[in-house]
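Take a look at the structure set out below.
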Amino acid sequence: MKPSKRESAAEIKRHLRKYNTISMVATLVIAVCIYALATGEGASIHSILADQSNVFDILIAAGVVELLVMARIARLNKLKQGASARRMVSRARA
């Protein structure tokens with residue numbers, strides 16, 4: 001039964017890595033949008049960023065993705081702590 005617990009913890013870590021990567025990308029998009037809005041030079045980065053309404057749409061979408069990912073990461077961290085606690089209890093019994 002111990003290998004399944006290890007696989008579970010490894011799977012949680014894999015999911016955390018995936019969601020952290022998505023979070024980094026969303027954060028980068030948010031930073032680029034804020035830069036484009038603050039400087040007004042979005043067109044120098046990409047032609048889509050030349051129009052402020054496009055920048056606001058992208059900013060809102062990236063913000064929503066970031067919030068959803070943060071909620072999922074929090075849930076995965078809670079599962080990871082539960083798996084760690086179960087592992088510590090099973091070690092104490094052995």
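Because the structure is a prediction, the values reported are computed rather than measured.
- Cluster annotation: Val29 and Phe56 are assigned to the same hydrophobic cluster (Ile/Leu/Val/Met/Phe/Trp/Tyr, side-chain heavy-atom contacts under 4.5 Å, transitive).
- In the hydrophobic clustering of this structure, Ile34 groups with Leu49; members are Ile, Leu, Val, Met, Phe, Trp, Tyr whose side-chain heavy atoms approach within less than 4.5 Å, directly or through other members.
- Of all heavy-atom pairs spanning Cys33 and Val55, the tightest one is O-CG1, 3.6 Å.
- Sorted by first then second residue, the side-chain hydrogen bond (donor to acceptor under 3.5 Å, both in side chains) pairs that include residues 53-79, not counting sequence neighbours, are Ser23-Glu66, Thr27-Glu66, Asp51-Ser53.
- With contacts defined as side-chain heavy-atom distances shorter than 4.5 Å, the pair Ile48/Ile58 qualifies.
- Transitive grouping of hydrophobic side chains (ILVMFWY, heavy atoms separated by less than 4.5 Å) brings Leu79 and Val69 into a common cluster.
- Taking every heavy atom of both residues into account, Ala43 and Ala50 meet most closely at CB-CB, 3.7 Å.
- Closest of all the heavy-atom pairs between Ala36 and Gly42 is CB-CA, 3.7 Å.
- The structure places CG of Asn20 at 13.0 Å from NZ of Lys13, a figure rounded to the nearest 0.5 Å.
- You'll find the side chain of Leu37 reaches within 4.5 Å of the side chain of Leu59, heavy atoms only.
- To the nearest 0.5 Å, atom NE2 of residue His15 and atom CD1 of residue Ile12 are 8.5 Å apart.
- Side-chain heavy atoms closer than 4.5 Å link hydrophobic residues (I, L, V, M, F, W, Y) into clusters, and following such links, possibly through other members, connects Ile30 to Ile45.
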